[in-house]
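Read through the structure below, which is laid out as structure tokens, and then see the notes.
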Amino acid sequence: MRAVFVLAICVLAFAGSVPAQTVAPAAPVAPVAPVAATVTVYRCTDAGGMVSYSSTPCAAGSKQQIRSSVRPVDAPPRLAVPQVASPPAKPEAAPQGVQRTVYLVPPRPMFECTTPDGKRYTSDDDRGNPRWVPLWTLGYPTVRPTSSLGSNIGHPERVMHPHPRDVNWPVATGGGTWIRDACVQLPPADVCARLRDRRDAIRTRFFNAQEKERDTLRIEERSVNARLDNDCGGH
């Protein structure tokens, strides 16, 4: 009895000295399809030659044939295939449009000029129409010498020898000079309005004009339209 007790203690001590082993979890195993069972089929032929199949023996008077067949079973379920995430698609680059460079000419100024008699007209610069005027119209004094000979103005047959001290300088005789009409610059809005008015006048005149004049009007209207596109943002 004592020997059995000592043996039991040795077995327990040996079991405690053996290190415990970690058991890895078993990998998932695909389900096994069940074994298909056999089934018995009876082929029956009656007296009239009509053939029928049954799972039970044929009736009396019928010719019977016994056949064994495999009972159909459902297919095993398919294992789910993990879906691998596809990398995100790169965004498509926006189509590069065709770049166009447009050069615009600075708006051309327009001036309104006035003639001495009060008539007004437009010009592309501030230099009005030139005209010839006598010098006395500009305020220059005329020669009216005072001497012992008297006033000889208007008498070319008389000889004039006035003393220089008797002449009020500067003096003006029969000469003249060129001057230009006064002009002022119009604001941009007024320029565009006048261009449109001129285009309307050209179109009105066009219906009653001769063919030769129409050619001139067409050229002028094209020029007005081009200036409206550049200076006024369109027709």
Heavy-atom distance under 4.5 Å between the side chains of [X] and [Y], does that happen here?
X    : Y    : value
R222 : N225 : no
R180 : R131 : no
L186 : P109 : no
V224 : R196 : no
T40  : I66  : yes

So, using side-chain contact (heavy atoms from CB on, under 4.5 Å) as the criterion, who are the partners of [X] when residues are at least two apart?
X    : result
R214 : F206, A209, E211, R218
D126 : F111
T177 : V133, L135, L138, I179
S54  : T56

Would you please name every residue forming a side-chain hydrogen bond (donor to acceptor under 3.5 Å, both in side chains) with [X], sequence neighbours left out?
X    : value
E213 : R205
N129 : Y121
T204 : none
D190 : R194

Worked verdict on M110 versus R227 for side-chain contact (heavy atoms from CB on, under 4.5 Å): CA-CA 11 Å; M110 180 181 290; R227 188 168 179 180; 4.0 Å; yes
Per-pair distances, 0.1 Å, donor-acceptor, side chain in residues 58-65, under 3.5 Å, sequence neighbours excluded:
from: Q64; atom 1: OE1; to: C58; atom 2: N; distance (Å): 2.7

Co-members of V184 in a cluster of I, L, V, M, F, W and Y side chains, linked at under 4.5 Å: none
Connected-component partners of W178 among ILVMFWY, side-chain separation under 4.5 Å: W132
Please name the pair of heavy atoms, one in [X] and one in [Y], separated by the smallest distance, quoted to 0.1 Å.
X    : Y    : answer
C183 : R127 : SG-C, 4.2 Å
C192 : D231 : SG-O, 4.3 Å
L195 : C232 : CD1-SG, 4.4 Å

Can you give each donor-acceptor pair under 3.5 Å made by side-chain atoms of residues 46-53, sequence neighbours left out, with the distance rounded to 0.1 Å?
from: D46; atom 1: OD1; to: G48; atom 2: N; distance (Å): 3.3
from: D46; atom 1: OD1; to: G49; atom 2: N; distance (Å): 3.1
from: D46; atom 1: OD1; to: M50; atom 2: N; distance (Å): 2.6
from: Y53; atom 1: OH; to: R43; atom 2: NE; distance (Å): 3.3

Short side-chain to backbone donor-acceptor contact, T115 and K119, under 3.5 Å: yes
R108 and D125 ion-paired at < 4.0 Å: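 The answer is no: the pair does not qualify as a salt bridge.
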Pairing of R199 and E221 as salt bridge, 4.0 angstrom limit: no
CD on Q185 to CD on E112, rounded to 0.5 Å: 12.0 Å
